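Notes follow once the structure below has been shown.
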Amino acid sequence: MAEAYDFRAVERAWQERWESDRIFDAPAHTAREKYYVLEMLPYPSGDLHVGHAKNYTLGDAIARMMRMLGYDVLHPMGWDAFGLPAENAAIQRGIDPATWTRSNIANMERQLRLMGTSYDWSREIATCDPEYYRWNQWLFLRLYEHGIAYRREAPVNWCPRDRTVLANEQVIDGRCWRCNTLVERRNLAQWFLKITAYADRLLADLDRLSGWPERTRTMQRNWIGRSEGVVFSFCVDGVDEKIDVFTTRVDTLFGATFLAIAAEHPIVPALKSVISKKHAAEIDAFAESLGSKSELERTSLMEKSGLFTGAYAINPLSRERIPIWVTNYVLAEYGTGAVMGVPAHDERDFDFARKHGLPIAQVIVPHEGSEAAAPLTQACVEDGRLIASGDFTGMSSARAREAVAERLTALDIGRKSVNYRLRDWLISRQRYWGTPIPIVFCDRCGEVPVPDEQLPVLLPPGAPITGEGSPLAQLPDFVNASCPRCGGAARRETDTMDTFFESSWYYLRYLSPHDARAPWDREDATRWMNVDQYIGGAEHAVLHLLYSRFFYKFFHDRDWVGGDDEPFARLFHQGFVLHDGEKMSKSRGNVVGIDETAERNGVDAMRLFLLYVTPPEDTSDWTAEGISGRVRFINRLWRLCIPFAGPEPPDVHAIPAVENADERALLRAVGIAARSAVDETHSRRFHFNTTIAKFDELLNAMSALLRSTPESPALGYAAHALPLLVAPFAPHIAEELWQRFGHATSVHLERYLVPHESTLAPEETTLVVQVNGKIRARLAVPAGMTQAEALALALADPRVRAQLDGKEPRKHYYVADKLLNLVV
RNA sequence: GGGCAAGUGGCGGAAUGGCAGACGCGCUGGACUUAGAAUCCAGUGGGGUAACCCGUCAGAGUUCAAAUCUCUGCUUGCCCACCA
């Protein structure tokens, strides 16, 4: 009876050995090609489950494949360690955020090691280390110097539950992305990063990111939301004021029947001089009623409400006098906060006009010569021909857009303009567990940046974390500072940075994680950047991935990094792992943890299952039956290979001479498996589910040969090759077998098996013979037959002859070694 | 409402114009066993004794040949949703 495989002992022993030998540290500069593979750095929430494991297993398999294919691989790991959950733990359980975070990091690091991942731990970072956030502050100051970081008062998203402001990207359907609370609007002085200055490049360069999923690029395009149009002015009748509007459909200008403005529009006070007291009071009440409402209530009502101001605007070209309305559907923060209402050609304006009985004037018809359809039953938003539009009548929409823009420009009341949906990135957070913003407010000098030599501005211990107000603002020793410029009394900024600030550049810190002089070394950055393969969840499609692109372009413009100005060459989103069809969550009690899975099934089986069950981008389901198949595979692999253990290492590349078909089939199975692993890696498809299926076929071929020809040398060849083949996917059993075969060095430092052409080419194949597209015969034939030979063979087959019924085929189609289709 | 992706056995999936269902799970039968577990072997889309017929969401089309390409519809998933 052969020795059984003890996965617990083997897995632990090799993890310790790899760690002490440091075999996965990224190599110093060599002539070989580099490959930087990176998984999104995790938030240290406490425990890893198999959903996380899917992400890290995929990244690890890629890193290990590329290493064995001869690349210098950089595969680092770190911790996105600042953030709200640590503070919530402090509020709920009185634990210091630093202590909570550190213990979670220790636990999750243990779990990543338990998974047998091949990280270069010498480069590990945690963003809550002063050594890290010092450079956060340094980068903030550089952004400040270049006018990218700035402070202003603005209406912002305020989460009443988390008691902090949020970036636009963190508000989802009007709710806080973390706690799902309805977000309120408040006017506060806050720090912003001018990401809008990069809007055009962030948009244009998406076209170059062919290694990114198309849907992610589309989401970023939509988020940036570029639209080209015209800004021009309406005069207000009876007041020396103008109202600017932005439109993408200036061709519909003659169809404007009202002017719609946001309740917060700055023109409102001026209008009060020309309207009745009653109107003014009503407007105030309307604005009041909107002001207290959350963004969701204001905008998702679908119900368009509004109020006539009593004032009129003059259409600059038609000279028509149109009423000015205050509405809830015009956004104060987008464009100019005012729009021309063209109900005939805009759905929103149409709804509003119908509701309030405003006139609808059609100025576009579908084709030249077609009549205005009166009355319109819906807005007609397509381009067409202009009617009733003065000099522009008869023009196409496209031509009219140019011509009207030119006229407005010539009259000096308008110009072409581009607007973005993207807003500047709000980074202030009124929270404790984050990077302090390195700014001091001095009564005499105003806003003063902390000098570089005074960095880091340390996060002080012992702040009162209660969920009430800003913790840092309640620490006098922190708040009170002297002005770096004049030395006088000053106050420190007490807001901390959005944690997405840290994660926008961490991939550069891995390159020189202990550099005390700079956030990263330019030479290291030139060698390793950009990230060749980035792996993470699709939930970051706009947030982290847009911010990182923005930061990297800023760095590139300063010449702090060479090469391309995009940080991530290729991006892969792994799918979720469900458990029995449901999302894993603590409240459902269906979380499958790493520790219990490693203990019960072994890590190699877990890794294989996660890669095998679906293609990596698909949602997969964790089932107890499913992983049992991979446990069986591991045991079967062991039983089939261990009899070939011996003290002398075999030459794994020497292909034995064989005689029968089963033997050739096994040699071919080895080659096919190797080719699959290499193809899935090089194609960047990473569908290792099919590769692992080839490993199954390889074991099946071994079993078959063991029955038919138990003395075949092909069995030893396959056994000795298998550790190499499975090493990237099931690294522990691969190493154990490799060492039992007498090799002195790690299998993970070997080159991957190169399939030999002679084993791959089958000498016999099945020729499928069709008559009129239906299969009538399968013939075993030698490979490489000519068309004439195949035809003769097919015509000799009785089943084919029966179908032909004495007729001659009119035509035939031949696919070499595969198929012959006869048409009668 | 708009955009994108997908729909294949009991289940996860394979096949990207050329043998539909590789591989695994589950299930059925057999071997081994006092018995079970484990392991090994055989079978497993539907109909039919069989020859054969049917079959990749539904319907149409292109093609010698369609799960794969085109159109229409249905369903599911994800994203966006007053951005003028």
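Within every chain, numbering begins at 1; the chains are lettered A, B, ... in the order of the sequence lines, protein sequences first and strands thereafter. What's counted below: heavy atoms across the whole structure, side chains too, no hydrogens, waters or symmetry copies. It should be emphasised that the depicted structure is a prediction, and the values quoted were computed from it without experimental measurement.
- Interatomic distance, OG1 of A:Thr623 versus NE2 of A:His579, reported as 8.0 Å (0.5 Å rounding).
- Nucleotides B:U56 and B:A60, compared at atom P, are 12 Å apart to the nearest Å.
- Taking the six-membered ring for Trp and thresholds of 30 and 60 degrees, A:Trp622 and A:Phe609 have ring planes more than 60 degrees apart, a perpendicular arrangement.
- If you take CD1 of A:Ile775 and C1' of B:C64, they are 14 Å apart, rounded to a whole angstrom.
- Spacing between atom CZ of A:Phe232 and atom C1' of B:A84 amounts to 11 Å, rounded to whole angstrom units.
- Each of A:Thr766 and A:Asp346 was assigned the nucleotide of RNA chain B with the nearest heavy atom; the assignment lying further toward the 5' end belongs to A:Thr766.
- Within 4.0 Å of A:Lys818, counting heavy atoms only, lie sugar-phosphate atoms of the nucleic acid but no base atom.
- Spacing of P atoms, B:G48 relative to B:A38, comes out at 35 Å, to the nearest Å.
- If you check every strand for non-hydrogen atoms under 4.0 Å, A:Gln770 touches a base.
- Nucleotide B:A38: unpaired (no Watson-Crick or G-U wobble partner with both distances less than 3.5 Å).
- Across all strands shown, the partner of B:A6 is B:U75, judged by Watson-Crick or G-U wobble contacts whose two distances both fall under 3.5 Å.
- Distance noted for atom P between B:U33 and B:G18: 49 Å (whole Å).
- B:G9 shows a glycosidic angle within 90° of 0 and is accordingly assigned syn.
- Comparing B:C19, B:A84, B:G26 by their nearest atom to the side chain of A:Val330 picks out B:A84.
- In this structure, B:G1 forms a base pair with B:C80, meeting either the Watson-Crick or the G-U wobble geometry with both donor-acceptor distances under 3.5 Å.
- Salt bridge annotation for A:Glu214-A:Arg221: present, with a cationic side-chain nitrogen under 4.0 angstrom from a carboxylate oxygen.
- Nucleotides B:C19 and B:C27 have their C1' atoms positioned 26 Å apart, rounded to a whole Å.
- In this structure, of B:C82, B:A20, B:A81, it is B:A20 that holds the atom nearest to the side chain of A:Arg778.
- Of the candidate nucleotides B:C54, B:G24, B:A84, B:A84 has the atom lying nearest to any side-chain atom of A:Thr248.
- Across the strands present, B:C64 finds its partner in B:G18; the criterion is a Watson-Crick or G-U wobble pair with both atom distances under 3.5 angstrom.
- Using cut-offs of 30° and 60° on the angle between ring planes, the pair A:Phe352 and A:Phe258 is tilted.
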request  = Using the side chain to side chain contact (heavy atoms under 4.5 Å, CB included) rule, take A:Arg249 and A:Val342 through it: C-alpha gap first, then chi angles, then the decisive distance, then the call.
outcome  = CA-CA 9 Å; A:Arg249 289 299 304 275; A:Val342 184; over 6 Å; no
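- Looking at heavy-atom distances under 4.0 Å, A:Lys694 makes no contact with the nucleic acid at all.
- Under the 30°/60° scheme for interplanar angles, the aromatic rings of A:His356 and A:Trp325 are found to be tilted.
- In this structure, A:Thr690 and A:Asp349 both approach RNA chain B, and ranking their closest nucleotides by distance from the 5' end singles out A:Thr690.
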query = Can you check side chain to side chain contact (heavy atoms under 4.5 Å, CB included) on A:Phe234 and A:Asn315, steps first, answer last?
reply = CA-CA 6 Å; A:Phe234 281 80; A:Asn315 184 318; 4.2 Å; yes
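- At the heavy-atom level, A:Ser227 lies under 4.0 Å from the strands shown only through sugar-phosphate atoms.
- Listed candidates were B:C23, B:G18, B:A84. Nearest to the side chain of A:Phe246 is B:A84.
- Side-chain atoms of A:His345 do not come within 3.5 Å of backbone N or O of A:Gly255 as any donor-acceptor pair.
- Residue A:Arg421 contributes atom CZ, which lies 10 Å from atom P of B:A84 at whole-angstrom precision.
- Comparing B:U76 with B:A67, their P atoms sit 25 Å apart, to the nearest whole Å.
- A gap of 25 Å separates the P atoms of B:G3 and B:A58, to the nearest Å.
- Per the geometry, CD1 belonging to A:Ile672 stands 13 Å off C1' belonging to B:C23, to the nearest Å.
- Separating the OH atom of A:Tyr334 from the P atom of B:A84 is a distance of 4 Å, rounded to the nearest angstrom.
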Distances under 3.5 Å between protein N/O atoms and the N/O atoms of nucleotides 3-13 of chain B, please, pair by pair.
residue, atom, partner, partner atom, Å
B:G12, O2', A:Val613, O, 2.7

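- Pair assignment for B:C32 gives none, since no Watson-Crick or G-U wobble pairing has each distance under 3.5 Å.
- Of the candidates B:C64, B:A84, B:A81, the closest approach to any side-chain atom of A:Val339 belongs to B:A84.
- The distance from the CD atom of A:Glu539 to the CE atom of A:Met40 is 7.0 Å, given to the nearest 0.5 Å.
- Taking atom C1' in both B:C32 and B:C40, the straight-line distance is 8 Å, to the nearest Å.
- At whole-Å resolution of the value, CZ in A:Arg607 and C1' in B:G24 are 19 Å apart.
- Per the stacking criterion (ring centres < 5.5 Å, plane angle < 30°), A:Tyr329 does not stack onto the base of B:C82.
- Checking B:A14, B:C53, B:C79 against every side-chain atom of A:Lys774, the shortest atom distance belongs to B:C53.
- Considering only the side chain of A:His687, B:A14 comes nearest among B:G26, B:A14, B:A84.
- Between A:Phe688 and A:Phe686, the angle of the ring planes lies from 30° to 60°, which puts this pair in the tilted group.
- Here the separation of B:U16 from B:U8, taken at their C1' atoms, is 14 Å to the nearest Å.
- Between A:Trp638 and A:Tyr5, the two ring planes are tilted [angle within 30° to 60°].
- One atom, OH of A:Tyr814, and another, P of B:G17, lie 20 Å apart when rounded to the nearest Å.
- Under 3.5 Å, the side chain of A:Asn821 and the base of B:C64 form at least one donor-acceptor pair of N or O atoms.
- The pairing partner recorded for B:U44 is B:G26, the criterion being a Watson-Crick or G-U wobble arrangement whose two distances lie under 3.5 angstrom.
- The residue from A:Leu58, A:Thr691, A:Asn689 that alone fulfils the side chain to side chain contact (heavy atoms under 4.5 Å, CB included) condition with A:Leu611 is A:Leu58.
- Using a 4.0 Å cut-off between charged side-chain N and carboxylate O, A:Lys194 and A:Asp424 make no salt bridge.
- No contact: A:Gly225 has no heavy atom under 4.0 Å from any strand.
- Rounded to an integer number of Å, the gap from CG of A:Leu543 to P of B:C79 is 13 Å.
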request  = Report, as a single string ordered 5' to 3', how protein heavy atoms within less than 4.0 Å touch nucleotides 38-52 of chain B: B base, S sugar-phosphate only, - not at all.
outcome  = -SSS----------S
